[in-house]
Q: 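Take this structure first; my questions come after.
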There are 2 protein chains.
Amino acid sequence: MRNNESKKCTKQKIFEVSAKLFSREGYNGVSMRKIAKEVGIKESSIYNHYKNKEEILTSLFDYWNDTLTIYRPSEEDIEKMLDYMSVEDVFKQLVIGFGKSLNSTLDSIAKIIYIEQFRNEKARKLMLENLIGESSRFIESVLKIMSRKKIIRAVDMNLIADEYNYTLLALSFEYAHAVNDGEDAAPVIKKMFRHISFICEYLKPI
Amino acid sequence: MRNNESKKCTKQKIFEVSAKLFSREGYNGVSMRKIAKEVGIKESSIYNHYKNKEEILTSLFDYWNDTLTIYRPSEEDIEKMLDYMSVEDVFKQLVIGFGKSLNSTLDSIAKIIYIEQFRNEKARKLMLENLIGESSRFIESVLKIMSRKKIIRAVDMNLIADEYNYTLLALSFEYAHAVNDGEDAAPVIKKMFRHISFICEYLKPI
DNA sequence: GTCTATAGCTAGATAGAC
DNA sequence: GTCTATCTAGCTATAGAC
């Protein structure tokens, strides 16, 4: 029992420390020694938990993929939200809920995806398929629900989903920088909300 | 003379090879040996042209900064363009002109900025100040000219400049991936133009 | 300005004691 | 499961011959 707990604890520590270090220095900028030192063990001990360095990175990406898929609200959830919330508040809630679902490890992993997207195949896939593709399709499905309920006017939903999504993606880079540099992230959040207001103004029925 | 020419040529080769390799593997993923091998010289010879590895990276960022500042059309240029072009065509021309100004080395440097923005201070500055800040202010100044000429309706120009710019920035990431993977970049260009059409539709005088 | 040779260091990974 | 010790390979950078 104690064995299992301490095993889990050390592996978890390696996991979180790696996320933090990779997000600051990039995968190739962090050595197994640095990770071991920060965890408080010898580098050779890492190999009892992970096969090699690459497997640590892969486990980070897998965690991101699993967690973020679970978070996204279902179509039923959206329907319910629209019963008592405005279009604008639903979109704002999606951003707030997404932000709240991110612990500091997930924040770090997001940055690792940004950094490694041109070098690592898994990171590239997460960027293009998850952060761009799936997100856009999700927003398009939300727009379809709103259209069915006739609370937004007729628009090119694929286009508006892209407009909504790409700007938020770029702003999430700016957000990562603010958090990174220990600056106030409020101005970026404000920009996100201003963007949502702009889209909702466009969507308003005439 | 011949000395000068060959010197310039080797230095230029180091410059271009480094841009290519850094953009693929990241700064920390490329060794001086790899660069030397690809150039066709010994690694020690690099130090006759650059003080160290960091100076190669810095020179790449300086080149980006100098070139892109020179490219951006002046307010007078914009005024002239508007004499015989529509609002939409001016914006499309800005994207096309920007694209044409990029040789393959500048394409690579853009990717290096994306990769290194969270690790390298110069890259971070270029991302936040040049690609986000300056670009947005430039578009805002273009919108002001259009507004003065009364060819667009009254809007929050700071907001629209951000809407215009952030989506294009995110799409430029997708563009970099397409070029990177040897895929067809046309669908991304099409998305850029669709975005511009959307913004111009919004700007149309009533 | 390029070369050979090498210093001096750090990397990822493994063997075997406890 | 963690440790010490160590291997091999790779790294940046320099010295000095040509």
Side-chain angles (χ1 to χ4, degrees), chain A residues 1-62 112 115-116 119-123, chain B residues 1-62 112 115-116 119-123:
Chain A
M1 276 295 146
R2 202 175 300 166
N3 248 351
N4 255 343
E5 273 170 27
S6 77
K7 178 185 168 186
K8 198 179 173 183
C9 189
T10 299
K11 185 160 188 172
Q12 184 65 18
K13 270 189 201 164
I14 297 169
F15 185 87
E16 285 166 12
V17 163
S18 298
K20 190 180 73 179
L21 296 180
F22 287 162
S23 74
R24 285 187 192 157
E25 304 293 334
Y27 177 78
N28 279 317
V30 179
S31 64
M32 295 294 261
R33 285 173 201 192
K34 263 192 220 164
I35 296 171
K37 197 176 178 184
E38 182 93 2
V39 171
I41 54 172
K42 295 293 166 186
E43 60 184 305
S44 55
S45 299
I46 296 179
Y47 294 91
N48 282 309
H49 304 280
Y50 293 95
K51 201 180 69 193
N52 52 31
K53 193 183 170 190
E54 187 71 27
E55 200 186 75
I56 302 178
L57 184 65
T58 302
S59 74
L60 290 170
F61 290 151
D62 288 344
I112 300 171
I115 294 170
E116 303 295 334
R119 195 196 59 77
N120 180 284
E121 181 55 28
K122 280 217 173 194
Chain B
M1 280 295 143
R2 202 176 299 165
N3 248 352
N4 256 341
E5 273 172 26
S6 74
K7 178 186 169 184
K8 198 178 174 182
C9 189
T10 299
K11 184 161 190 173
Q12 183 66 17
K13 269 189 201 165
I14 297 169
F15 185 87
E16 285 166 11
V17 163
S18 298
K20 191 179 73 179
L21 295 179
F22 287 161
S23 74
R24 284 186 193 158
E25 303 293 335
Y27 177 77
N28 278 317
V30 180
S31 65
M32 296 293 262
R33 283 174 202 191
K34 263 191 218 164
I35 297 171
K37 198 177 179 184
E38 182 93 3
V39 171
I41 56 173
K42 295 293 167 185
E43 58 184 303
S44 56
S45 299
I46 297 179
Y47 294 91
N48 283 309
H49 304 281
Y50 293 96
K51 199 180 69 190
N52 52 30
K53 195 184 169 190
E54 189 69 29
E55 199 185 78
I56 301 177
L57 185 65
T58 301
S59 75
L60 290 170
F61 289 152
D62 288 343
I112 300 171
I115 294 170
E116 303 294 335
R119 197 194 58 77
N120 180 284
E121 180 55 28
K122 279 218 175 195

Q: Any side-chain N or O of B:Ser44 below 4.0 angstrom from OP1/OP2 of C:dC3?
A: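 For C:dC3, neither OP1 nor OP2 has a side-chain N or O of B:Ser44 closer than 4.0 Å.
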Q: Mind calculating the distance between CD (B:Glu55) and C1' (D:dA13) to the nearest angstrom?
A: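 Computing the B:Glu55:CD to D:dA13:C1' distance gives 14 Å.
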Q: Counting just side-chain N and O atoms, does B:Ser31 come under 4.0 Å of either OP1 or OP2 of D:dG10?
A: no
Q: Should B:Val39 and B:Glu16 count as side-chain neighbours, where that means a heavy-atom distance under 4.5 Å?
A: no
Q: Please state how far atom CD1 in A:Ile14 lies from atom C1' in C:dG12, giving the value in whole angstrom units.
A: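 Going from A:Ile14 (CD1) to C:dG12 (C1'), I get 15 Å.
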Q: Just to be sure I understand the rule, does A:Val39 reach a base, reach only the sugar-phosphate, or reach nothing, if contact means heavy atoms closer than 4.0 Å?
A: nothing
Q: Between A:Lys53 (NZ) and C:dA13 (C1'), how many Å, whole number?
A: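 Interatomic distance, NZ of A:Lys53 to C1' of C:dA13: 12 Å.
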Q: Roughly how many Å is it from OH in A:Tyr50 to P in D:dG1, rounded to a whole number?
A: 13 Å
Q: With salt bridge (Lys or Arg N to Asp or Glu O under 4.0 Å) as the criterion, how do B:Lys20 and B:Glu38 come out once you've worked through the C-alpha distance, each side chain's angles and the decisive distance to 0.1 Å?
A: CA-CA 10 Å; B:Lys20 191 179 73 179; B:Glu38 182 93 3; 2.7 Å; yes
Q: In whole Å, what is the span from the CD atom of B:Glu54 to the P atom of D:dT12?
A: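 Result: 12 Å.
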Q: With a 4.5 Å limit on heavy-atom distance, are the side chains of A:Phe22 and A:Ile56 in contact?
A: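 They are in side-chain contact.
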Q: For the side chain of B:Glu43, starting at C-beta, report the closest nucleotide among C:dA13, D:dA13, C:dC3.
A: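 Selected nucleotide: D:dA13.
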Q: Which residue, A:Lys34 or A:Lys51, contacts DNA chain C at a nucleotide closer to its 5' end, judged by nearest heavy atom?
A: A:Lys34
Q: Can you figure out which of C:dG1, D:dA13, D:dC3 approaches the side chain of B:His49 most closely?
A: C:dG1
Q: Find the distance B:Tyr47:OH to D:dC11:P and express it as a whole number of Å.
A: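 To the nearest whole Å, that distance equals 11 Å.
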Q: Is a donor-acceptor contact shorter than 3.5 angstrom present between the side chain of A:Arg33 and the base of C:dT10?
A: no
Q: Report yes if at least one side-chain N or O of A:Lys42 is closer than 4.0 Å to OP1 or OP2 of D:dT4; otherwise report no.
A: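 The answer is yes; a side-chain N or O of A:Lys42 sits under 4.0 Å from OP1 or OP2.
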Q: So do the side chains of B:Arg119 and A:Ile115 get within less than 4.5 Å of each other, counting heavy atoms only?
A: no
Q: By nearest nucleotide on DNA chain D, pick out whichever of B:Asn52 and A:Ile46 is the more 5' one.
A: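 Going by which nucleotide is closer to the 5' end, it is A:Ile46.
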Q: For B:Leu57 and D:dT12, give me the distance from atom CG to atom P, rounded to whole Å.
A: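 In whole Å, D:dT12 P and B:Leu57 CG are 13 Å from each other.
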Q: NZ of A:Lys37 versus C1' of C:dT10: gap in Å, rounded?
A: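 Going from NZ in A:Lys37 over to C1' in C:dT10 covers 13 Å.
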Q: So A:Asn120 and A:Glu54, do their side chains get closer than 4.5 Å, heavy atoms only?
A: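 With C-beta onward as the side chain, the pair touches.
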